[in-house]
Every structure is written in C-alpha cells, then in structure tokens.
Amino acid sequence: MVIRSLGHACFTASDGQHTVIFDPFLTGNPEAVVKPEEVQVDAVLLSHGHSDHLGDAIPVARRLGVPIVAPYELAMYCQRHGAEVVGLHIGGGTDLPFGRVKLTFATHGSAVVGDDLIEYTGPPCGFLVTMSGRTIYYAGDTGLFGDMRLIGETASIHVAILPIGDHFTMGIDDAVRAAGFLRPRAVVPTHYSAFEPIRKNPHEFAHRVESLGIRCEVLAPGEEAEF
Ligand code: NI
Ligand code: MN
C-alpha cells in the first residue's frame with residue numbers, strides 16, 4: 001500500500017491496482033503538487049464540507065466518472081452538483097470495487113461556507129479503508145476522542161493519517177495520545193503546514209510517536225511511503 005501526500009490533508013492510497021484520493025483540495029492549496037486535471041483515481045473519499053477538503057472533489061469525480069464517498073448529507077450536496085456519490089453514515093461501511101470503506105466518527109464541523117450562505121452538510125467523518133489486506137485510518141479533521149481506542153481495538157490499522165496542526169484539529173499532544181489509543185503500525189501526520197495558524201513541526205510529533213514504538217513517516221507534499 002503506497003500512501004502519497006498531495007499537500008495539506010490530501011492523500012492518495014494505492015495498492016497497485018486501484019487508487020483512492022482523500023479530500024482533494026488542490027486548487028488554491030499552497031502545497032498542492034498536482035493539478036486536479038492530473039488526478040487519476042477510482043474514488044474520491046470526502047470527510048467533510050470545509051473548503052480545504054471539499055476542494056476539487058466534485059470536478060475530479062465528474063471528470064473521471066467515479067463516485068464521491070461521503071457522509072450522506074454531504075454526498076447529497078455533491079450529487080446536486082453533478083457527481084456520482086455513495087452516501088454512507090458514521091459506523092456504516094460498504095464494499096466497493098477497490099475495497100471496503102467504513103465511516104468513523106470525527107468531532108469537527110462540516111458545512112460548505114459560501115459568501116452569503118453556510119450550507120450545513122451533516123457531520124464530518126473519518127475513514128477506515130481496506131484495500132488488498134491493508135487498512136488505512138484517515139481520521140479527517142477531528143479532535144481527540146476516547147473511542148479512538150474502540151477503533152484501534154476493532155480494526156488492525158496498518159497506517160493512521162492523523163491531524164496534528166492544532167487550532168482546528170488535534171495538536172501534537174493529543175495526536176500522540178490518539179496514536180496510543182489506535183495502536184497503528186505506522187502513522188502519517190497531516191493538516192499542519194499549509195496555513196499560518198496550523199504551522200507545527202511534524203518531526204516533534206514523529207519523535208514522540210516513535211518513542212511509543214510506532215513508525216512515523218513525515219511526508220512532504222509529493223512524497224510517498226509504502227505501508
Ligand atoms: Ni475542517
Ligand atoms: Mn481542514
């Protein structure tokens with residue numbers, strides 16, 4: 001399983017046969033390493049409606065004719081804008097051609113914030129994605145919550161992608177605790193550098209997670225690692 005950072009909270013996961021993309025915010029992303037027209041994926045996994053996640057999800061899904069997998073209300077928003085969707089809800093999962101996707105709890109907001117309208121798009125989510133026997137936990141934007149223990153007990157996680165940027169999500173202290181709750185084989189930090197209020201040193205996080213005996217891969221935009 002190869003995880004590649006495309007900048008901010010956008011990642012691809014590929015097993016060599018299929019590729020999925022998480023939260024494809026590329027246009028306007030100061031860290032983006034690809035253009036939305038260059039994305040080639042089998043599905044778009046969308047955790048919530050904030051602009052630094054929704055990003056290019058709809059145009060990418062429409063161009064490729066692939067579904068957006070998202071919490072139901074957000075899926076309906078995307079469908080209304082012309083995308084094929086798979087609307088799920090927290091705790092539910094489904095088998096798709098590339099593997100299994102389950103939506104997990106995340107404690108955050110989820111609205112599409114326009115100039116004169118805030119359109120609420122249900123709760124945000126995280127994702128457990130299993131492809132070719134490897135399980136990824138993409139936490140989404142979230143604060144720390146105790147049921148990360150339950151997620152770690154229920155799923156054998158090969159790699160957890162965890163926000164560390166503070167301000168809108170867990171900061172480093174809480175993300176280290178999250179890694180302890182989840183006990184993944186590896187972690188990748190996210191959501192820590194694209195914007196001023198969330199600038200953090202991912203290597204501080206890496207040192208602390210590695211002291212728990214968990215591998216940590218800090219992926220600069222464009223970098224990838226195998227898990
Ligand atoms: Ni957000
Ligand atoms: Mn965000």
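We count ligands from 1, going down the list as the structure has it; atoms in each ligand are counted the same way. All values below come from the heavy atoms of this structure, side chains included, with hydrogens, waters and symmetry mates left out.
H48 and P124 get closest at one heavy-atom pair: CB-CB, 3.7 Å.
Aromatic pair F168/H108: ring centres not closer than 6.0 Å.
Side chain of E31 to backbone of H8: a donor-acceptor contact under 3.5 angstrom is found.
Annotation: protein N, O or S atoms under 2.8 Å of the Mn ion (ligand 2) (waters excluded) comprise D52 OD2, H53 NE2, D141 OD2, H191 NE2. Within the sub-2.8 Å shell of the Ni ion (ligand 1), the protein contributes these N/O/S atoms: H48 NE2, H50 ND1, H108 NE2, D141 OD2.
Using a cutoff of 4.0 Å between basic side-chain nitrogens and carboxylate oxygens, R208 and D173 are scored as salt-bridged.
Within 6.0 Å of the CD1 atom in I118, the count of heavy atoms belonging to other residues, nucleotides or ligands does not exceed 12.
Q17 and S132 are not linked by any side-chain donor-acceptor pair at a separation below 3.5 angstrom, with hydrogens and angles left out of the test. Judged purely by distance below 3.5 Å, without hydrogens or angles, the side chains of R100 and T135 never pair a donor atom with an acceptor atom.
L45 CG to L103 CG: the interatomic distance, rounded to the nearest 0.5 Å, is 8.0 Å. Taking CZ from F127 and CD1 from I161, the interatomic distance works out to 11.5 Å, rounded to the nearest 0.5 Å.
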